[in-house]
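These figures come from a predicted structure and were not determined experimentally. Numbering of residues begins at 1 and proceeds along the displayed sequence.
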Amino acid sequence: RARSPAPPAFHASSPNATDPNLQRESPPKAAQSAAVSATAVGSSYRDPSPQPPFAHLSNVITVHDRFLGGCATLTSVDLSEMKTLREIGPDFMVDCQALVSVTLPASLETLGRDALRWCAALPALDLSVCVALRTVGDNFATGCRALAAVTLPPNTESIGDGAFTGCEALVAIDMATMKALRAIGSDFMAECTALTSVALPPALERLGKSPFKKCTNLDPKPVFENTA
């Protein structure tokens with residue numbers, strides 16, 4: 001695991017052709033050329049640098065499955081220059097064990113399943129400026145064992161199953177200001193053993209099964225009756 005100091009971790013920045021070569025071209029080489037004209041980039045985007053550049057992807061709308069998944073040396077990702085990015089596919093940064101910092105653009109609307117799964121060193125998530133983000137996929141931050149602080153986007157409408165399962169360091173989550181959130185999937189915060197406080201959103205209509213299973217320090221657990 002990387003031992004560099006962990007900065008504030010997961011931030012949001014303020015505000016269909018695919019280039020097949022991007023799957024094999026490392027970001028430093030690509031950054032030396034003109035901006036990529038494609039509106040979607042492929043999977044398995046590899047670079048040995050712990051902090052690769054992404055400014056040359058400023059026109060991209062969609063990134064596909066496993067865009068940075070499994071990048072063992074990756075410590076920091078800044079997508080703030082990708083100002084047209086709307087969709088991130090599944091396994092976005094799955095199993096990036098050294099990751100401590102991520103910046104996302106405010107234009108983002110959808111985060112695919114397993115986006116940050118098993119990013120075990122990531123200390124915090126702050127998506128408060130992602131005002132366009134409507135959907136967060138299943139297992140979003142499952143197994144992020146160091147995750148101790150979470151701020152979710154204000155206009156998100158649905159969060160998938162197991163979003164924060166196994167986040168052992170997470171103590172509290174406040175969703176009281178998320179007035180658009182209607183649905184949360186099963187096992188939402190299961191096995192968050194340090195969790196002591198949860199504030200549910202006011203307009204919530206559906207909360208999946210066992211949302212706080214094995215949250216041994218959460219007492220009493222929030223009581224919610226499904227309305228949809």
Peer 1: Would you list the pairs meeting salt bridge (Lys or Arg N to Asp or Glu O under 4.0 Å) in which at least one residue belongs to residues 87-105, sequence neighbours left out?
Peer 2: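 Counting only pairs at least two positions apart or across chains, the salt bridge (Lys or Arg N to Asp or Glu O under 4.0 Å) contacts touching residues 87-105 are D91-R113.
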Peer 1: Should side-chain heavy atoms under 4.5 Å link Ile, Leu, Val, Met, Phe, Trp and Tyr, which residues sit in the same cluster as V94?
Peer 2: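 Hydrophobic cluster check, V94: joined to W118.
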Peer 1: Could you give the distance from CZ (R145) to SG (C167), rounded to the nearest 0.5 Å?
Peer 2: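 Going from CZ on R145 over to SG on C167, the span is 10.5 Å.
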Peer 1: Given L85, which partner from the list V63, T62, L57 fulfils the side chain to side chain contact (heavy atoms under 4.5 Å, CB included) test?
Peer 2: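 With L85 as partner, side chain to side chain contact (heavy atoms under 4.5 Å, CB included) holds for just one option, V63.
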Peer 1: Taking F54 as the fixed residue, which of V60, L79, D78 is the one that meets the side chain to side chain contact (heavy atoms under 4.5 Å, CB included) rule?
Peer 2: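 The side chain to side chain contact (heavy atoms under 4.5 Å, CB included) with F54 is passed solely by L79 among V60, L79, D78.
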Peer 1: Any salt bridge (Lys or Arg N to Asp or Glu O under 4.0 Å) involving residues 114-123? Give me the pairs, sequence neighbours left out, ordered by first then second residue.
Peer 2: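 Sorted result for residues 114-123: D114-R117.
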Peer 1: Without swapping roles, check the side chain of D138 against the backbone of D161 for a donor-acceptor pair under 3.5 Å.
Peer 2: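 A pair under 3.5 Å: yes.
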Peer 1: Rounded to the nearest 0.5 Å, how far does OG1 of T103 lie from CD of E81?
Peer 2: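 If we round to the nearest 0.5 Å, E81:CD and T103:OG1 are 10.5 Å apart.
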Peer 1: Between CG of L104 and CD1 of I88, what distance do you get to the nearest 0.5 Å?
Peer 2: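 Nearest 0.5 Å value for the CG-CD1 distance: 5.0 Å.
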Peer 1: Rounded to the nearest 0.5 Å, what separation is found between the NE2 atom of H56 and the CE atom of M82?
Peer 2: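 One finds 8.5 Å between NE2 of H56 and CE of M82.
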Peer 1: So which heavy atom on T84 is nearest to which on S58, and how close?
Peer 2: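 Closest heavy-atom pair between T84 and S58: OG1-O, 3.3 Å.
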Peer 1: I need the L68 CG to F92 CZ distance, nearest 0.5 Å.
Peer 2: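 The CG atom of L68 sits 5.5 Å away from the CZ atom of F92.
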Peer 1: Assigning hydrophobic clusters by single linkage (Ile, Leu, Val, Met, Phe, Trp, Tyr; side-chain heavy-atom cutoff under 4.5 Å), is I173 placed with F224?
Peer 2: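 Same cluster.
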Peer 1: Please name the pair of heavy atoms, one in V77 and one in L74, separated by the smallest distance, quoted to 0.1 Å.
Peer 2: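 Distance-wise, the nearest heavy atoms are CG2-CD2, 3.5 Å.
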Peer 1: At their closest point, which heavy atom of G70 faces which heavy atom of C96, and how far apart are they?
Peer 2: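 Of all heavy-atom pairs spanning G70 and C96, the closest is N-SG, 4.0 Å.
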Peer 1: With heavy-atom distances below 4.5 Å as the criterion, would you say the side chains of C71 and L99 are in contact?
Peer 2: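 Contact flag for C71/L99 side chains = no.
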Peer 1: Quick check: closest heavy atoms across A72 and A98, and the distance to 0.1 Å?
Peer 2: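 Closest pair (atom of A72, atom of A98, distance): O-CB, 3.5 Å.
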Peer 1: List the atom pairs, with distances to 0.1 Å, where a side-chain N or O of residues 181-195 and a protein N or O form a donor-acceptor pair under 3.5 Å, not counting sequence neighbours.
Peer 2:
{"unit_1": "R182", "atom_1": "NH1", "unit_2": "K179", "atom_2": "O", "d": "2.9"}
{"unit_1": "R182", "atom_1": "NH1", "unit_2": "A180", "atom_2": "O", "d": "3.3"}
{"unit_1": "S186", "atom_1": "OG", "unit_2": "K209", "atom_2": "N", "d": "3.2"}

Peer 1: Return all side-chain donor-acceptor pairs below 3.5 angstrom for residues 149-160, not counting sequence neighbours, or 'none' if the list is empty.
Peer 2:
{"unit_1": "N155", "atom_1": "ND2", "unit_2": "V131", "atom_2": "O", "d": "2.9"}
{"unit_1": "T156", "atom_1": "OG1", "unit_2": "L133", "atom_2": "O", "d": "3.0"}

Peer 1: Is it the case that the side chain of R134 and the backbone of A132 share a donor-acceptor pair, with hydrogens and angles ignored and the cut-off at 3.5 Å?
Peer 2: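 Between the backbone of A132 and the side chain of R134 there is a qualifying donor-acceptor contact (under 3.5 Å).
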Peer 1: Under the side chain to side chain contact (heavy atoms under 4.5 Å, CB included) rule, collect the residues that match up with A141, sequence neighbours excluded.
Peer 2: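 Applying side chain to side chain contact (heavy atoms under 4.5 Å, CB included) to A141 gives L125, C144, L147, F164.
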Peer 1: Could you go through V198 and M175, starting from their C-alpha distance and side-chain angles, then the distance that decides it, and tell me whether this counts as side chain to side chain contact (heavy atoms under 4.5 Å, CB included)?
Peer 2: CA-CA 8 Å; V198 175; M175 297 176 285; 4.3 Å; yes
Peer 1: Give the intermediate values and the outcome of side chain to side chain contact (heavy atoms under 4.5 Å, CB included) for residues T75 and Q51.
Peer 2: CA-CA 6 Å; T75 61; Q51 300 181 21; 3.9 Å; yes
Peer 1: Atom OG in S107, atom CD1 in I61: separation rounded to 0.5 Å?
Peer 2: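 Rounded to the nearest 0.5 Å, the OG-CD1 separation comes out at 9.5 Å.
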